[in-house]
Participant: 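Pasting a structure below so you can have a look.
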Amino acid sequence: MTSDYGFGTRSIHAGEEPDPSTGAHGVPIYQNATYGFDSFESLEAWRNGAPHFLYCRASNPTVQSLERKLANLEGAECAVATASGMAAISATLLHLLAGGGHLVSADDLYGESKEFFLEDLPRFGATVDLVDFTDLAAVEAAITPETRALFTEAFSNPMLTVVDLMPLGELAKRHGIPLVVDNTLLSPALLRPLEHGADIVVHSATKYLSGHGNMIGGIVCGARDTVSGIAGLLSRLGGPMSPFNAWLLLAGIKTLPLRMERHSANAMALAALIDTHPVVETVHYPGLRHHPNHDVAQRLAGGCFGGMISFALRGPEHLIGQFLDALDLPTLAVSLGETSTLIWPVTGGNLIRLSVGIEDIADLETDFASALNAIREPAPTASSNGVSDVRLDTR
């Protein structure tokens with residue numbers, strides 16, 4: 001399907017057509033492990049490049065439909081679906097850094113990504129530098145002749161730092177280095193990084209692409225040659241997406257633009273409410289005008305800022321438990337991007353990560369206001385210089 005159609009239309013129709021065997025509307029789950037050939041001649045034709053499915057680990061009709069849909073929505077030549085978001089990230093970086101290259105990555109990242117970069121990549125001979133990607137000069141200073149990739153999240157998890165992708169992409173192109181962008185927190189409904197200078201886009205499809213918390217998966221989108229190389233490595237490592245998970249994801253993506261609008265609207269309203277409460281120390285949401293990267297976020301996402309908020313409470317850490325237990329609607333659980341609201345205290349401090357769902361905003365506002373009001377704001381403590389100081393380092 002061409003890009004002449006709107007994003008909502010393509011979310012429904014791209015990559016899909018009635019089943020050629022039965023005419024079934026919608027993509028069936030092809031759960032088969034292997035695929036037969038009509039004759040030795042057809043096998044030889046496949047060996048010479050003719051299209052044919054062979055084995056589910058390498059290719060599958062259900063998964064292929066999903067890959068075509070995501071490539072269309074991200075504006076990419078090609079996509080490959082993976083068993084998880086970390087499979088997408090690890091296969092991409094192992095491919096780009098094969099033989100021991102150098103990675104320059106943003107220092108504000110999802111913790112599992114950072115652990116993979118710092119603990120696992122060096123075991124494969126790669127070197128990694130983590131820098132502030134909002135400081136373009138710092139990024140350029142970290143690049144060496146061995147640098148093979150730049151990696152960043154568009155909106156970071158959990159601090160909601162926003163990276164200006166266009167100048168970063170220009171920098172990457174000047175040095176002949178691919179820019180890899182994790183677009184999990186926004187999805188292509190709000191941001192398409194390839195339009196802003198990225199070369200490769202990765203997702204944890206478990207999150208907003210699915211939207212329903214019922215599958216695990218990842219996506220890599222980019223140029224055909226690059227994605228084909230990543231797909232080959234992924235097949236050999238045994239990390240492709242299962243057909244059933246691809247089928248669930250195909251269903252979830254149909255409502256992606258509608259969900260992202262509601263996630264964004266709810267998060268904007270809830271961030272504004274939380275931001276004004278006296279027991280709250282700091283709120284990180286790019287839609288708020290006082291967010292340090294608000295203007296960049298506005299330029300990238302066009303007024304919808306996604307469903308993720310993080311914030312810190314004033315006072316002792318035990319207040320977090322008091323607040324969480326007073327909430328009714330949010331589920332205390334990891335992950336994000338589901339239709340229901342999820343909340344999680346970040347280890348080691350007063351920071352709370354909030355994935356705002358698509359419930360009625362009046363109900364969310366009432367629930368959060370009640371839980372925040374249940375916390376008695378602690379009396380200010382005297383600092384060493386006699387000045388009241390209850391500010392906490394949320395990083």
Participant: Are the aromatic ring centres of Phe151 and Phe117 under 6.0 angstrom apart?
Facilitator: yes
Participant: If you count the non-hydrogen atoms of other residues, nucleotides and ligands that lie under 6.0 Å from NE2 in His290, is the total more than 12?
Facilitator: yes
Participant: Between Phe305 and Leu288, is there a side-chain heavy-atom distance shorter than 4.5 Å?
Facilitator: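 Side-chain contact under 4.5 Å: no.
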Participant: Passes side-chain contact (heavy atoms from CB on, under 4.5 Å), Leu121 versus Leu94? Steps please.
Facilitator: CA-CA 8 Å; Leu121 282 179; Leu94 288 173; 4.0 Å; yes
Participant: Let's go through Glu281 and Arg314 carefully: what are the C-alpha distance in whole Å and the side-chain angles of both, what is the deciding distance for salt bridge (Lys or Arg N to Asp or Glu O under 4.0 Å) to 0.1 Å, and is it a yes or a no?
Facilitator: CA-CA 5 Å; Glu281 175 64 28; Arg314 296 179 186 273; 2.8 Å; yes
Participant: Looking at every heavy atom in both Ala267 and Tyr285, which two are closest together, and how far apart are they?
Facilitator: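 Residues Ala267 and Tyr285, closest heavy atoms: CB-OH, 3.6 Å.
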Participant: Just by modelled atom types, is the Gly75 backbone N or O under 3.5 Å from a matching donor or acceptor in the Arg192 side chain?
Facilitator: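 Such a contact is absent between Arg192 side chain and Gly75 backbone.
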Participant: Indicate if Val201 and Leu96 have the same hydrophobic cluster label, given that clusters are the connected sets of ILVMFWY residues with side-chain heavy-atom separations under 4.5 angstrom.
Facilitator: no
Participant: Considering only heavy atoms from C-beta outward, does the side chain of Asn183 approach that of Pro188 to under 4.5 Å?
Facilitator: yes
Participant: Applying salt bridge (charged side-chain N to carboxylate O under 4.0 Å, His left out) as the test, list every pair that has at least one member in residues 11-36; sequence neighbours left out.
Facilitator: Glu16-Lys69, Glu16-Lys254
Participant: Does the side chain of Arg353 pick up a donor-acceptor pair with the side chain of Ser310 at under 3.5 Å?
Facilitator: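 Result is no, nothing qualifies.
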Participant: Tell me whether the count of non-hydrogen atoms from other residues, nucleotides or ligands lying under 6.0 Å of CG in Asp225 goes above 12.
Facilitator: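 No, because the 6.0 Å sphere around CG of Asp225 holds 12 heavy atoms or fewer from other groups.
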Participant: Which heavy atom of Leu233 sits nearest to which heavy atom of Ala91, and what is that distance?
Facilitator: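 Closest heavy-atom pair between Leu233 and Ala91: CD2-O, 3.6 Å.
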Participant: Could you walk me through whether Leu66 and Ile219 pass side-chain contact (heavy atoms from CB on, under 4.5 Å), step by step?
Facilitator: CA-CA 10 Å; Leu66 172 69; Ile219 297 291; 4.3 Å; yes
Participant: Is a donor on one side and an acceptor on the other found under 3.5 Å between the side chain of Asp360 and the backbone of Ala362?
Facilitator: no
Participant: What distance do His175 atom NE2 and Glu140 atom CD have between them, rounded to the nearest 0.5 Å?
Facilitator: 3.5 Å
Participant: Hey, what do you get for CD1 (Ile29) to OG1 (Thr62), rounding to the nearest 0.5 Å?
Facilitator: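 Here the interatomic distance stands at 7.0 Å.
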Participant: Examine distances only and state if a side-chain atom of Glu153 and a backbone atom of Thr184 form a donor-acceptor pair shorter than 3.5 Å.
Facilitator: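 No.
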Participant: To the closest 0.5 Å, what do you measure between SG (Cys221) and CD1 (Ile200)?
Facilitator: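 It is 10.5 Å, given to the nearest 0.5 Å.
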Participant: Is there side-chain contact between Leu300 and Leu186, with heavy atoms separated by less than 4.5 Å?
Facilitator: no
Participant: Please check: side-chain N/O of Asn72 versus main-chain N/O of Gly15, any donor-acceptor pairing under 3.5 Å?
Facilitator: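 Answer holds: no.
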Participant: Okay, side chain of Asn373, backbone of Ala369: is any donor-acceptor separation there less than 3.5 Å?
Facilitator: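 Side chain of Asn373 to backbone of Ala369: a pair is present.
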Participant: Output the distance between atom CG (Leu234) and atom OG1 (Thr82), rounded to the nearest 0.5 Å.
Facilitator: 6.0 Å
Participant: Closest heavy-atom contact between Lys173 and Gly197?
Facilitator: NZ-O, 3.1 Å
Participant: Looking at Val131, Ile143, Leu103, which hits side chain to side chain contact (heavy atoms under 4.5 Å, CB included) with Leu150?
Facilitator: Ile143
Participant: For Tyr208 and His263, take the angle between the two ring planes, folded into 0 to 90°, and tell me which bin it lands in: parallel under 30, tilted 30 to 60, perpendicular over 60.
Facilitator: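 Rings of Tyr208 and His263: perpendicular, over 60°.
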Participant: Taking the side chain from Asp132 and the backbone from Ala138, do they hold a donor-acceptor pair closer than 3.5 Å?
Facilitator: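 No; judged by distance alone, with no hydrogens or angles, the pair does not exist.
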Participant: Would you say the side chain of Val280 lies within less than 4.5 Å of the side chain of Leu313, judging by non-hydrogen atoms?
Facilitator: yes
Participant: Assigning hydrophobic clusters by single linkage (Ile, Leu, Val, Met, Phe, Trp, Tyr; side-chain heavy-atom cutoff under 4.5 Å), is Val104 placed with Leu136?
Facilitator: yes
Participant: Taking atom CZ of Phe37 as the centre, report whether more than 12 heavy atoms of other residues, nucleotides or ligands fall under 6.0 Å from it.
Facilitator: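 Above 12, so yes.
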Participant: Does CG belonging to Asp38 count more than 12 external heavy atoms closer than 6.0 Å?
Facilitator: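 It does not: Asp38 CG has 12 such atoms or fewer within range.
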Participant: Could you walk me through whether Ile253 and Leu70 pass side-chain contact (heavy atoms from CB on, under 4.5 Å), step by step?
Facilitator: CA-CA 9 Å; Ile253 291 173; Leu70 263 300; 3.1 Å; yes
Participant: Give a yes or no on whether Arg289 atom CZ has more than 12 heavy-atom contacts from other residues, nucleotides or ligands under 6.0 Å away.
Facilitator: no
Participant: I want to check something: taking the side chain as every heavy atom from C-beta on, are Leu351 and His284 in contact at a cut-off of under 4.5 Å?
Facilitator: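 Side-chain contact under 4.5 Å: yes.
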Participant: Roughly how far, to the nearest 0.5 Å, is the CG atom of Leu97 from the OG1 atom of Thr147?
Facilitator: 9.5 Å
Participant: Return the minimal non-hydrogen interatomic distance between Ser210 and Arg259, and the atom names on each side.
Facilitator: O-NH2, 3.6 Å
Participant: Do Val162 and Phe155 have side chains that approach each other closer than 4.5 Å (heavy atoms only, starting at C-beta)?
Facilitator: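 Heavy-atom side-chain distance check passes, below 4.5 Å.
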Participant: Got Leu354 and Ile274 here, is their nearest side-chain heavy-atom distance under 4.5 Å?
Facilitator: yes
Participant: Would you confirm whether Asn157, through its side chain, and Tyr110, through its main-chain N or O, come within 3.5 Å as a donor-acceptor pair?
Facilitator: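 Checking the backbone N and O of Tyr110 against the side chain of Asn157, no donor-acceptor pair under 3.5 Å is found.
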Participant: Using every non-hydrogen atom in the two residues, find where Pro28 and Trp247 come nearest and quote the distance to one decimal.
Facilitator: C-CD1, 4.2 Å
Participant: Going by atom type alone, with no hydrogens or angles, which donor-acceptor pairs under 3.5 Å involve a side-chain atom of residues 163-171 and a protein atom two or more places apart or on another chain?
Facilitator:
from	atom 1	to	atom 2	distance (Å)
Asp164	OD1	Arg299	NH2	3.1
Asp164	OD2	Arg299	NH2	2.5

Participant: I need the Met308 CE to Ser264 OG distance, nearest 0.5 Å.
Facilitator: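 Answer rounded to 0.5 Å: 12.0 Å.
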Participant: Taking side chain as C-beta onward, heavy atoms only, is Phe368 less than 4.5 Å from His277?
Facilitator: no
Participant: Going only through I, L, V, M, F, W and Y residues with side-chain contacts under 4.5 Å, is there a path from Leu249 to Val63?
Facilitator: no
Participant: Look only at the side chain of His203 and the backbone of Ala205, and say whether a donor-acceptor pair between them is shorter than 3.5 Å.
Facilitator: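 No, the answer is negative, given that no donor and acceptor are paired below the 3.5 Å cut-off.
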Participant: Check whether Leu248 and Leu250 end up in the same hydrophobic cluster, where Ile, Leu, Val, Met, Phe, Trp and Tyr are linked by side-chain heavy atoms less than 4.5 Å apart.
Facilitator: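 Linked, Leu248 and Leu250 end up in one cluster.
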Participant: With no hydrogens and no angle check, is any side-chain donor or acceptor of Ser11 less than 3.5 Å from a backbone partner on Phe7?
Facilitator: yes
Participant: So, for Val80 and Glu67, which heavy atoms are closest and what is the spacing to 0.1 Å?
Facilitator: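 Between these two residues, the closest heavy atoms are CA-OE2, 3.4 Å.
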Participant: Quick one: do Leu130 and Leu118 satisfy side-chain contact (heavy atoms from CB on, under 4.5 Å)? Show the steps, please.
Facilitator: CA-CA 9 Å; Leu130 303 181; Leu118 296 179; 3.8 Å; yes
Participant: Do Phe133 and Leu191 land in one hydrophobic cluster if side-chain heavy atoms of ILVMFWY residues count as linked below 4.5 Å?
Facilitator: yes
Participant: When you measure from the side chain of His291 to the backbone N and O of Leu160, does any donor-acceptor pair fall under 3.5 Å?
Facilitator: yes
Participant: Is it true that, when you exclude Arg68 itself, more than 12 heavy atoms of the residues, nucleotides or ligands shown sit nearer than 6.0 Å to its CZ?
Facilitator: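 Incorrect, the count does not exceed 12.
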Participant: Would you give me the side-chain donor-acceptor pairs under 3.5 Å for residues 323-348, sequence neighbours excluded?
Facilitator:
from	atom 1	to	atom 2	distance (Å)
Thr341	OG1	Gly357	N	2.8
Thr341	OG1	Glu359	OE1	2.8
Thr341	OG1	Glu359	OE2	3.4

Participant: Going by distance alone, is a donor N or O of one side chain under 3.5 Å from an acceptor N or O of the other, for Arg224 and Ser228?
Facilitator: no
